Trainee: 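To start, I am sharing the structure in question, which I have written as C-alpha cells.
Remember, it's 1-based here, ligands and their atoms both numbered in the order they're listed. These values consider heavy atoms only, across backbone and side chains, with no hydrogens, waters or symmetry-generated copies. The structure displayed is predicted, hence computed values, not measured ones.
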Amino acid sequence: MASACSIRVRGVVQGVGFRPFVYRLACVHTLTGWVLNAEEGVEIHLEGPEQGLDAFVRELKTKPPSAATIAQIEVAPTNVAGFREFTIRESRKQQRPTVRVSPDLPVCDDCLRELFDPGDRRYHYPYINCTNCGPRYTVVTALPYDRPNTTMRAWPLDAYCAEEYRNPGNRRFHAQPVACPDCGPGFFLEQDGRFVCSNADAIAQTVTLLHEGKIVAVKGLGGYHLACDARNSGAVAALRERKFRKEKPFAVMVKNLDAVRELVLLSVEAEEMLGSVARPIVLAPSKTDLAGVAPDNGELGVMLPYTPLHHLLFASGAPEALVMTSANRSSEPIAYEDAEAVERLSEIADAFLVGERPIARRVDDSVATVGPYGPVILRRSRGYAPGAVTTFPTQDPILALGSDLKNTVTLVVNGQAFVSQHIGDLDHYEAFVAFEQTVHDLLSMYEVSPADLILVRDAHPQFASTRYGDSLTVSRTVVVQHHRAHVASVLAERGEWTKRVLGVSLDGTGYGDDGAIWGGEFFVGSIQQGFERVAHLRPALLAGGDAVARWPVQAAAGFLSQLTALPALAGAPFYFSKRYQYADQILKQNVRSFATTSMGRLFDAAAALLGFVREATFEGQAAMWLEQMARRVAEADTYPFPLEGNELDFRPLLARVVADRQRGCSPEEIARGFQLGIAYGLHRAITRFCDQFKVDTVVFSGGVFQNRLLLEDLKSSFATDSLTVWTNHAVPPNDGGISLGQAALAVFSGSNNVKHQDRDYQATAQ
Ligand code: ZN
Ligand code: FE
C-alpha cells in the first residue's frame with residue numbers, strides 16, 4: 001500500500017542543486033511525485049512505500065547538498081494522487097518571496113576537473129559552473145532564482161547546455177548561470193581603451209603583465225580586483241601610490257594551501273575558514289615580510305582562488321601570491337560595472353581583464369579571522385551575504401539602516417533577518433549610492449513596500465542614513481542608540497531575545513543619549529526589556545571636529561588635560577606636533593569641544609604617547625599599531641585602570657604610560673602594560689556589575705573588540721570565573737553588525753522603552 005506526504009523545506013535551498021538532489025533521492029527510493037521551487041523554499045510531494053518515505057526524509061535531513069542550509073523541514077501526510085513518476089515542476093510564484101538567496105559559491109572540484117580536462121567542452125572556460133558552485137547573489141536580479149532573473153539572460157543556451165540544463169540526472173540541471181564557450185560570455189583584455197585579445201590569450205597576456213610588475217584590473221564575482229605580484233615591491237608601491245592607499249594592508253590571493261602556509265601561520269580553525277564555501281580573506285600571523293603589502297603589521301590577509309578565472313590565472317603561471325585588492329580609490333566602494341571600472345581605474349590599472357557576464361550588484365571580499373572566542377567576521381560580504389543570519393520572533397517587515405561607517409543594512413521578512421553585504425562609509429557619495437541601491441534591491445527582491453516597514457535608524461542627527469531614513473514614508477520609525485545596537489547584535493545572532501546580560505560596548509564613535517560621543521559603555525538589560533546604561537569610561541573632551549579621529553595627538557589632548565603634572569610633550573620622547581598644542585588651546589578656551597567616553601579615542605591617546613604622532617590613514621590604524629606593538633613582548637606590569645563609582649578612570653592608566661615613557665621603558669613594554677591594564681580593569685568592573693545586577697552572562701561588542709590581544713587577555717582573566725562571555729560570530733563586532741542589532745531592538749519597540757534616555761545610573765558604592 002502506497003502512502004503520500006508533502007514536505008516543505010526552508011532555508012538556502014534554491015540555486016544550490018537542491019531539486020536535482022531531491023530528484024535523485026526520490027529515484028533511489030523508487031518514489032513518485034514532484035518537487036518545485038516556491039517562494040517559501042522547496043515543496044515536495046512524495047508517494048510510495050512507507051519505508052521509502054522515511055528513508056527519503058532521513059537522507060534529506062542528513063545529506064543535503066553541501067551549499068544548502070536547511071532552516072526547517074515540515075512533513076505532513078497527504079492523499080495519494082497516483083503519480084507514475086517523479087518530476088521537477090515549474091517554479092511557482094504567487095505571493096511575496098521569502099526564500100533565501102544563496103550567497104556566491106566557489107568553483108567546485110567537479111568543475112575544476114573539467115576546467116583542466118583538454119577533452120572537455122568547457123576546457124579553460126572561465127565561466128564554468130554547476131548546481132553546486134558559481135555565482136548566485138552577484139547574478140540574481142529578481143526572485144525566484146531562474147535564468148531570466150539573472151544577468152545571464154542575454155545568453156541563450158545552445159543545444160549542449162540546454163540538454164544539461166533540462167536533464168534531471170545532470171549536475172547542471174537547472175544551474176541558472178550555465179554556459180559554455182559556444183554560447184556563453186567570454187573574457188578579453190583591454191589596454192589604453194583598446195581591445196587586445198580574448199579568452200586564453202587574454203589570460204596568458206595578463207600573466208605576462210603581472211610578471212612584468214604591472215597592475216591589472218581583473219573582473220571578479222562582485223566587482224573588480226586590482227591585481228599585482230605581491231612579491232614585487234615596486235608593483236606594490238605603485239599600486240599604493242596610484243590608489244591613494246598609503247598604509248592600509250592589502251589582501252593577497254595565494255595559489256593553493258601549501259603556498260599559503262609559506263606566508264602565514266595557520267591554525268586548524270583558520271585553515272578551515274580559509275577553505276570554507278565563503279572563501280573569505282583570513283587574517284593570520286605572517287611568516288615572511290612581503291614589502292609594502294601590510295606595513296607595520298604582524299598579520300597578513302590571505303585568500304584562496306575562488307572563481308575558475310583565478311584558477312586559470314594561477315595554472316597559466318601567474319605569480320603564486322597576488323595582491324588582490326578591491327578596485328577602487330581609497331575608501332570608495334568597489335567598482336563593478338565595466339564602463340565605471342575603466343573610467344574610475346584608468347589612472348590605476350595598466351590593463352583590464354574584462355569578463356562579459358554583468359555583475360548584478362557590488363559585493364566585496366569578506367574578511368574574517370579566528371579569535372580566542374572563536375571565529376570573528378570583520379567584513380561580512382561575498383560568500384556570506386545575503387544569507388539570513390538569524391530568525392526573528394516577528395512577522396513584521398523591519399528595515400534597519402545601520403551606521404554610517406562600515407555600513408550594512410538588515411531586512412527582516414517573515415522572521416528571517418537578511419544582512420546585506422558590506423557597503424562602506426556613507427560619507428562617500430559612491431557608497432551612499434550603493435546604500436540606496438542595496439535598500440531598493442532588498443525591498444524589491446522580497447517585494448516589501450516601504451509603507452509597511454518598521455524602519456530603524458541610528459540616533460545620530462547628522463548621519464546620512466538618518467536623513468535617508470527620515471525621508472522615507474514608512475509605517476513607523478524606531479531610533480536605536482549605537483552601542484545598544486552593538487550589544488543587541490550579539491544576542492540577536494544567538495536568538496537570545498529575553499536573556500538579561502551585562503553588555504560591554506567599546507568602540508570609537510557613537511551618538512549617545514546625552515548627545516556626547518560614546519564608546520566605552522556598560523549596559524544591563526535584554527533585547528526585550530531594552531538596555532540601561534550603568535557605567536562608562538570617565539568622560540574626556542575632544543577638541544575639534546572629525547579630524548580628531550584621524551589625529552591621535554588631537555584625541556590625546558582632552559585625555560591628557562586631566563592629568564596632573566604633565567610633562568612638556570613637544571620634545572623627547574614624545575615629539576607631539578603643533579596640532580596637539582592647538583587642540584589643547586581649543587580645550588582651554590572651551591570652544592568646539594565635545595565630551596566623549598570613547599574607548600577608541602583612549603587607545604589613540606595611548607598610541608600617541610607611544611610614538612604614533614602622525615595622521616592615521618585608515619580607521620582604527622593607531623589602535624592596531626598599538627596592539628601589534630604590545631604583541632612583541634610577552635610580559636609587562638599591568639597598569640591601573642580602576643573603577644570609580646560608575647566610571648572607569650583612565651587617569652592612572654595614562655599617568656603610568658607617561659611616567660614609564662619618561663623613565664625610558666620600551667614602547668612595546670608600555671603598550672603591553674596598557675593593554676593588560678585595560679583587560680584587567682574591564683574584568684574587575686564586569687565581575688563587580690555582574691554581581692551587583694545578578695547577571696551571569698556578559699556580551700562584548702564594538703570595534704575595540706577587533707583587538708584580539710585584548711580578547712586573549714580578557715579570556716585569561718575570565719578563565720577562573722563562572723561568567724559566560726558572548727561575542728559576535730555571524731556579523732562583525734564593528735559597525736558592520738549595527739544594522740542587525742538595530743533590527744533586533746525594533747522587534748519589541750512597540751511595547752517598551754528602547755528609545756529610552758540615559759538615566760545615568762549612579763552605582764551604589766559598595
Ligand atoms: Zn561546479
Ligand atoms: Fe560602533
Trainee: Given ring-ring contact (aromatic ring centres under 6.0 Å, His included), test H174 with Y165 step by step and report yes or no.
Mentor: CA-CA 5 Å; H174 280 220; Y165 183 86; 4.7 Å; yes

Trainee: How many protein N, O or S atoms are found at a distance of less than 2.8 Å from the Fe ion (ligand 2)?
Mentor: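 Counting protein N, O and S atoms closer than 2.8 Å to the Fe ion (ligand 2) gives 4.
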
Trainee: Establish, yes or no, whether the cationic atom of R708 lies under 6.0 Å from the six-membered ring centre of Y373 and within 45° of the ring axis.
Mentor: no

Trainee: F463 vs H460 aromatic rings, parallel, tilted or perpendicular, using cut-offs 30° and 60°?
Mentor: parallel

Trainee: So K248 and T617, do their side chains get closer than 4.5 Å, heavy atoms only?
Mentor: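 Not touching, per the 4.5 Å side-chain cut-off.
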
Trainee: Ignoring waters, how many protein N/O/S atoms are under 2.8 Å from the Zn ion (ligand 1)?
Mentor: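 Step by step: take the Zn ion (ligand 1), keep protein N, O, S below 2.8 Å, and you get 4.
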
Trainee: Can H428 and F432 be said to form a ring-ring contact (aromatic ring centres under 6.0 Å, His included), step by step?
Mentor: CA-CA 6 Å; H428 294 269; F432 185 75; over 10 Å; no

Trainee: For atom CZ of R153, is the number of surrounding heavy atoms from other residues, nucleotides or ligands below 6.0 Å larger than 12?
Mentor: no

Trainee: Quick check: F603 with F674 (ring centres under 6.0 Å apart)?
Mentor: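 For F674 and F603, the ring centres are under 6.0 Å apart.
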
Trainee: Quick one: does NZ or CZ of R533 land under 6.0 Å from the six-membered ring centre of W518, within 45 degrees of the ring axis?
Mentor: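 Yes, a cation-pi geometry holds between R533 and W518.
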
Trainee: Would the number of heavy atoms belonging to other residues, nucleotides or ligands and lying under 6.0 Å from CZ of R166 be above 12?
Mentor: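 No - once you tally the heavy atoms of other residues, nucleotides and ligands closer than 6.0 Å, there are 12 at most.
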
